[in-house]
Amino acid sequence: KAGVTQTPRYLIKTRGQQVTLSCSPISGHRSVSWYQQTPGQGLQFLFEYFSETQRNKGNFPGRFSGRQFSNSRSEMNVSTLELGDSALYLCASALISNTEAFFGQGTRLTVV
Amino acid sequence: DAKTTQPTSMDCAEGRAANLPCNHSTISGNEYVYWYRQIHSQGPQYIIHGLKNNETNEMASLIITEDRKSSTLILPHATLRDTAVYYCIVRVDEYGNKLVFGAGTILRVKS
């Protein structure tokens with residue numbers, strides 16, 4: 001069974017640009033969550049989607065947004081990139097909304 | 001979600017059992033204890049979770065005290081590949097898949 005797939009694995013963007021990251025969950029999983037990991041703040045929850053609806057949202061500015069499609073694939077978007085947005089962005093999928101979550105390998109975003 | 005407290009780091013000899021403690025003294029009756037680990041630069045890996053009974057799977061055992069204020073993750077025969085950051089998380093399952101990660105414990109398995 002394929003795991004959670006995140007694309008791209010690495011990305012370099014310039015300040016002020018926007019970026020879209022993609023996450024394909026494990027087949028049959030309907031919940032997708034996003035996390036940001038930085039050396040200073042650790043792993044922080046961004047948001048969770050279940051059946052195309054956002055169920056939970058972390059404490060991040062509105063520049064961070066996401067969506068989920070009918071096939072459960074999810075995208076997150078960061079607009080007006082700042083240097084501090086450089087991080088490892090992780091996606092996790094779960095069968096339903098309250099079961100163990102499985103993480104992808106992440107997308108390493110560098111903002112220059 | 002209840003707060004957890006874990007030691008910053010621990011060492012373990014290869015082949016020996018690694019016992020990782022976690023304190024969660026403010027845990028509520030409907031909160032589960034979850035353990036994840038993260039090997040350098042990879043996504044966190046689910047290990048095990050439990051509510052009040054001890055749990056065992058192919059990776060580890062989870063021992064939860066009777067008052068549920070603390071728990072211990074046991075890796076029965078640690079290998080060098082078990083070197084990672086281990087996170088103990090307490091969460092209410094009804095609230096979806098929001099995981100609140102702390103700093104975790106850096107486990108170093110040494111030969």
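A note on names: the letters A, B, ... follow the listed sequences, proteins ahead of strands, and every chain is numbered from 1.
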> Check for a donor-acceptor pair, side chain of B:Tyr34 on one end and backbone N or O of A:Ala101 on the other, with a separation under 3.5 Å.
no
> Closest heavy-atom contact between B:Ser41 and A:Arg108?
OG-NH2, 4.4 Å
> Where is the tightest heavy-atom contact between A:Glu100 and B:Tyr36, given as atom of each residue plus distance?
C-OH, 4.0 Å
> Quick one: pull up CZ in A:Phe102 and CD in B:Gln45 and give me the separation to the nearest 0.5 Å.
9.5 Å
> Using non-hydrogen atoms and a 4.5 Å limit, figure out which bit of A:Leu43 sits close to chain B: side chain, backbone, both or neither.
both
> Taking everything shown except B:Lys52 itself, do over 12 heavy atoms lie less than 6.0 Å from its NZ?
no
> Any chain of hydrophobic side-chain contacts (each under 4.5 Å) joining A:Phe60 to A:Tyr89?
yes
> By a 4.5 Å heavy-atom criterion (distance strictly below it), what part of A:Gln6 contacts chain B: side chain, backbone, both, or neither?
neither
> Compare all side-chain heavy atoms of B:Leu99 with those of A:Ser33 and state whether any distance is below 4.5 angstrom.
no
> For A:Tyr35 and B:Phe101, indicate whether the former's side chain and the latter's backbone hold a donor-acceptor pair under 3.5 Å.
no
> Check this for me: A:Arg63, atom CZ, are more than 12 non-hydrogen atoms of other residues, nucleotides or ligands nearer than 6.0 Å?
yes
> Side-chain heavy atoms under 4.5 angstrom apart, residues restricted to Ile, Leu, Val, Met, Phe, Trp, Tyr: same cluster for B:Ile64 and B:Tyr86?
yes
> Would you say A:Arg9 has more than 12 foreign heavy atoms packed within less than 6.0 Å of its CZ?
yes
> Check this for me: A:Ile12, atom CD1, are more than 12 non-hydrogen atoms of other residues, nucleotides or ligands nearer than 6.0 Å?
no
